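Worksheet: one structure, shown below.
For this chain, numbers begin at 1 and follow the sequence in order. For clarity, every value in this text was computed on a predicted model and none was experimentally measured. Both counts, for ligands and for their atoms, begin at 1 and track the order of listing.
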Amino acid sequence: MRLCLLLFCVTAVRGWSDTRIRKFKKEFLFGVATSAYQVEGAWDTDGKGESIWDKYLHDHPELIADGRNGDIACDSYHQYKRDVEMLRELGVDHYRFSISWPRVLPTGLTNDINEKGLQYYDNLINELLKYGIEPMVTIYHFDLPQSLQELGGWASPLVVQWFEDYTRLLFDRYADRVKFWITINQPSFCFESYGGITAPGIKSKGLGDYMCVKHVLLAHAKAYRLYEKEYKNKYKGSVGISLSLNFGHPLNNKTENQEAAEIFRDFTIGLYMNPIWSKYGDFPKTVRNRVMKKSKEQGYEKSRLPTLSSEEIKLLKGSADFVGINHYTSVFVEARTDSDEIFEVPSLQDDIGVLLTQSDEWVSGKSSWLKSAPYGIYKLCLYLNEKYNYPQTFVTEQGWSTGTSLNDRSRVDYLREYLIALLFAIEDGTKVMGYTVWSLMDNVEWNAGTSERFGLYEVDFEAEEKTRTARLSALVYKRIIQKRVVEKDWTPDSWKISITPRSERDEL
Ligand code: PNW
């Protein structure tokens, strides 16, 4: 049953006999992604300030699976020309990378602007544009300046203004050349950050994390409004936000499990989607009611979930040109019986109050949480369409982890199956502007160090120059981009990858 549900249902639902060739339109953008902390290295070079990840992993090397932190990483700070060469080999349309806030503002504030840091991104952007590759800039990808953490970080309402000032600096400097902006990567990072397991390692489950979510959303909305008011007319770019949108399927048809899945989705999708994309704005009512009820039972006077004022609701509503979908995997959701006292109190998990599982039949990536269930992206797209009236989307991350092998068949299978499922979703009306593989190359996978490899290119971290080598998946992705179709059986004649002129692309 489970196997059918998630591995074959896309095909089953559409009928096995449906063998029409589905193509990605020529306007559809294909790209790859990275983030600053994970690839740049040069953690204290040329005046860069300390980020919360620098401090956290310096203080706690024991928390990194293989001990490798982001001090050097892929050394992209010095090797960005090689990175752009790889992008040209792949033939991508866009490159999603992030800007390190403390690299450009070492104190986090605009009193001290680090020209050398700004110059680095100028160089990268110019190098991309030289070869017709569209830069897609993530303004924040988890690396808050440590100095701002010491002033309260994302739990403080002051961060909204700090973020707006930082964003203005970036718009002023790069908006003439950057047309795709992502304000924040995955606001759900708050739940890890305040769960004590990732930087800054603060333990404030069910409280600090919700404050963080509110401020992250407001910071996003302020940045969106800033662009809308002062830059959009002139530069005509788009501003979105990337959300971690894995899908929760009910374990079976039992009513209680269907309800449990809906609650799970309200807390993991609706919490961010509703304020921006729903008709009335605000956090979902189910979430507000549930956290309120639990908070009262736990002796809090007010809900642990902060409220949004009517001005804040207005600011947030409609504050994005597209939703960035980061989708990796799926889960089954089951209603919890009262005897399952397994979660910390208070916590998001306890507030949601459901049991999550994954099927043993799903192929497993190197990361424990990552299992392949391609039907999930199809279901997610249809869910967003139904609930939020066909929002404009952009897949800003999807990827697979392996070990160090160059022969990454499992990544090839994963990419092909998910892209086919995405084509079905597009055919059923989903508005998708593009697709972005996480990641261009192996990098520092946060606490997992380099023990989990997500790259289309392998990186030799032992080598001084952090040598990059194309995997099988790089060649297959290149072919998909070129042909605009997913060919199930294609294999390359040779594993050598070289730059192919864009004119050789098949366009529909
Ligand atoms: C993303 N999950 O995070 C991040 O944006 C990247 O920085 C990271 O390297 C990449 O995924 C791979 O992990 C996620 O549990 C982390 O489903 C975990 C999940 C999803 C996304």
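- For R96 and T436, the side-chain atoms include no donor-acceptor pair closer than 3.5 Å.
- At a cut-off of 3.5 Å, with distance as the only test, a side-chain donor of Y95 or T34 sits close to an acceptor on the other residue.
- Residues Y227 and D321 bring no donor and acceptor atom of their side chains to less than 3.5 Å of each other.
- Ring-centre distance between F394 and Y435: not below the 6.0 Å cut-off.
- Of all non-hydrogen atoms in D266 and P284, the two that sit nearest each other are O-CG, 3.7 Å.
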Please tabulate, line by line, the atom pairs linking an N/O of ligand 1 to a protein N/O at a distance below 3.5 Å, with the distance in Å to 0.1, or answer 'none'.
residue, atom, partner, partner atom, Å
ligand 1, 3 (O), Q186, NE2, 3.4
ligand 1, 5 (O), H141, NE2, 3.3
ligand 1, 5 (O), N185, ND2, 2.9
ligand 1, 5 (O), Q186, OE1, 3.3
ligand 1, 5 (O), E397, OE1, 3.0
ligand 1, 5 (O), E397, OE2, 2.9
ligand 1, 7 (O), Q38, OE1, 2.8
ligand 1, 7 (O), H141, NE2, 2.9
ligand 1, 7 (O), W446, NE1, 3.0
ligand 1, 9 (O), Q38, NE2, 2.8
ligand 1, 9 (O), W438, NE1, 3.2
ligand 1, 9 (O), E445, OE1, 2.6
ligand 1, 11 (O), Y328, OH, 3.0
ligand 1, 11 (O), E397, OE1, 3.3
ligand 1, 13 (O), E445, OE2, 2.5
ligand 1, 17 (O), N246, ND2, 2.5

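- Across every non-hydrogen atom of A425 and T430, the tightest pair is O-OG1, 2.8 Å.
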